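Take a look at the structure set out below.
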Amino acid sequence: MFRTFGPNEVWYIVMAVQWTLLLSAVAFAGGAAGGIAIALARVSPIRPLRYFALAFIRVFQGTPLLMQLFLVFFGLNIFGVGINPWVAAAIALTLHASAYLGEIWRGCIEAVPSGQSEASWALGLGYRDRMSHIILPQAAKISVAPTVGFLVQLIKGTSLASIIGFVELTRAGQIINNATFQPLTVFSLVAALYFILCWPLSLWARHLEGRFAIATAR
Amino acid sequence: MVVTAQNIDGNAAVKMAGVEKWYGEFHALKSIDLTVARGEKIVVCGPSGSGKSTLIRCINQLETVQDGTITVDGIELTAGPKNVEKIRRDVGMVFQQFNLFPHMTVLENCMLAPIKVRGVSKDEAEKTARTYLERVRIPEQAEKYPAQLSGGQQQRVAIARALCMNPKIMLFDEPTSALDPEMVNEVLDTMIDLASEGMTMLVVTHEMGFARKVADRVIFMDKGEIVEVGEPESFFSNPQNERTRTFLGQISH
């Protein structure tokens, strides 16, 4: 006997959106903190720091997100933390986001004209003041559009957490499909929900890009 | 003011001795010896790629050198990074491209370094900033952003910003080269004012009228060497070196 696909099933899937959003938010917040550290390390005058950040980025950009999830998930277990999909997904996505945001933001920092650093040095400003008052505020403006663009990728990326058993939107769809055997209906709904989350963000990113183009036009 | 090597040694604002600089294979500065007295105004000229910008950028270590010593205000720069930070506070610089901070108002541009580097209070920094904006004749632009100003106004803000640090030496790296012709004089006039107040100045420029009026000595550089040094009178009317004559011939047309 299969369950029918009714309002309760729809509701179950819709409610799973909150876990997708929560996981995205945690990964984005963690990734933002990690990303700024990685970006600063990438442009640091200290050579080992630059190489460490570069290696970090290369590893996470050069391996599938799913493998990163597996490694963290099973790795935590081996180190005796136990099997916890929530923690594993949050850690893996945070590391993943740190690498990508770090690389995006490095580009933004380097896009600030070198004259800005020269003027800061000439005025005697130290590293902290130069970064926090001159370079990062200008890099932040450049970074908004690509950062929102990455956020869309990240939200979609959270669907892979379903494979390690974290019940978010995709996993909720799988659960309902297993009970109802109506894959086309179920996954159409799931896809539509992702679209509703991501599309406005994409539009926003494009809008910001346009605004940035106007702001920097001379 | 006539400056000779005897009366400035020991009390020099800037002293460069045997300075060598390479960019890879390119020999940008060749055994540069130069002593600048306190209060002296030096104009550096020469064809592009002659090393004149590199020369003054060494004085606040925007460029590092491979050999030789640079002493600024009695402190040897080439001796370590602590000295470099110390010296940068006392050496102001004005760039060809202004390099104002575009996300800050004119006033904020002028206040940042005194607050962060000198540790003065916000009120005091603002008072100083407004004084210098008055001096460069744009007090009414204080609340605007750099992009809202003309090139000449931006460069005057850049001069005010440097002066707010109360520097002992001012470096000018082609300060009028990026300006529309009608704005060159407002910047030069500001620099002439500054010169008349006794500031030590090193100016890289092609404005020979400014050199005649203000310079104590004019330096001609070519291919990384100081080819000729002279007081403006003799430098312009009776240049000794063939390369100087060729250069002056080219820019006077």
Side-chain angles (χ1 to χ4, degrees), chain A residues 32 36 39-41 43-50 104-148 207-218, chain B residues 53 56-57 59-64 81-104 108-119 125 145-147 151 154-155 157-173 178:
Chain A
I36 189 75
L40 287 174
V43 299
S44 163
I46 303 159
R47 187 182 301 220
L49 222 52
R50 285 204 303 272
I104 291 169
W105 292 346
R106 173 199 60 85
C108 297
I109 288 171
E110 287 179 348
V112 176
S114 61
Q116 295 291 307
S117 281
E118 289 187 353
S120 311
W121 287 321
L123 286 165
L125 290 168
Y127 177 83
R128 279 185 79 98
D129 288 324
R130 178 169 62 89
M131 276 298 165
S132 62
H133 296 287
I134 308 302
I135 306 300
L136 294 182
Q138 295 184 62
K141 258 184 215 167
I142 306 171
S143 75
V144 176
T147 302
V148 175
H207 167 74
L208 290 170
E209 231 161 76
R211 249 188 25 183
F212 177 73
I214 293 164
T216 51
R218 300 231 166 195
Chain B
S53 285
I56 70 163
R57 286 163 61 90
I59 293 168
N60 63 352
Q61 292 286 286
L62 290 185
E63 305 286 349
T64 52
K82 273 271 161 283
N83 287 351
V84 171
E85 287 202 356
K86 220 194 262 170
I87 270 315
R88 281 176 176 166
R89 298 172 190 187
D90 291 332
V91 178
M93 187 167 207
V94 174
F95 299 87
Q96 183 176 354
Q97 299 294 342
F98 326 137
N99 292 350
L100 294 177
F101 305 133
H103 59 301
M104 297 181 181
E108 288 165 346
N109 263 278
C110 293
M111 289 167 60
L112 181 71
I115 291 173
K116 296 295 171 189
V117 180
R118 293 253 190 248
Y145 284 89
Q154 289 191 49
Q155 194 60 301
V157 171
I159 294 171
R161 177 175 73 177
L163 291 177
C164 284
M165 285 294 283
N166 196 18
K168 294 172 179 162
I169 299 164
M170 283 286 285
L171 309 173
F172 293 84
D173 189 3

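Being a predicted model, the structure only gives us computed values, none of them experimental.
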Calculate, to the nearest 0.5 Å, the distance between atoms [atom1] and [atom2] belonging to [X] and [Y] respectively.
{"X": "A:Ser114", "Y": "B:Asn99", "atom1": "OG", "atom2": "CG", "result": "7.5 Å"}
{"X": "A:His133", "Y": "B:Lys116", "atom1": "NE2", "atom2": "NZ", "result": "3.5 Å"}
{"X": "A:Leu125", "Y": "B:Ile115", "atom1": "CG", "atom2": "CD1", "result": "11.0 Å"}

Contact summary for [X] and [Y], nearest pair of heavy atoms:
{"X": "B:Ala113", "Y": "A:Leu123", "result": "CB-CB, 3.8 Å"}
{"X": "B:Met104", "Y": "A:Ile134", "result": "CE-CD1, 3.7 Å"}
{"X": "B:Arg57", "Y": "A:Glu118", "result": "NH2-OE2, 2.8 Å"}
{"X": "A:Ala122", "Y": "B:Met93", "result": "CB-CB, 3.9 Å"}

Heavy-atom proximity to chain A below 4.5 Å, by part of B:Phe95
side chain
I'd like to know if the side chain of A:Gln116 and the backbone of B:Leu100 have a donor-acceptor N/O pair within less than 3.5 Å.
yes
If one checks every heavy atom of A:Ser120 against chain B at 4.5 Å, the contacting part turns out to be both
Report yes if the side chains of B:Asn60 and A:Trp121 come closer than 4.5 Å at any heavy-atom pair, otherwise no.
no
Among B:Glu108, B:Met165, B:Arg88, B:Arg89, which has the most heavy-atom pairs under 4.5 Å with chain A?
B:Arg88
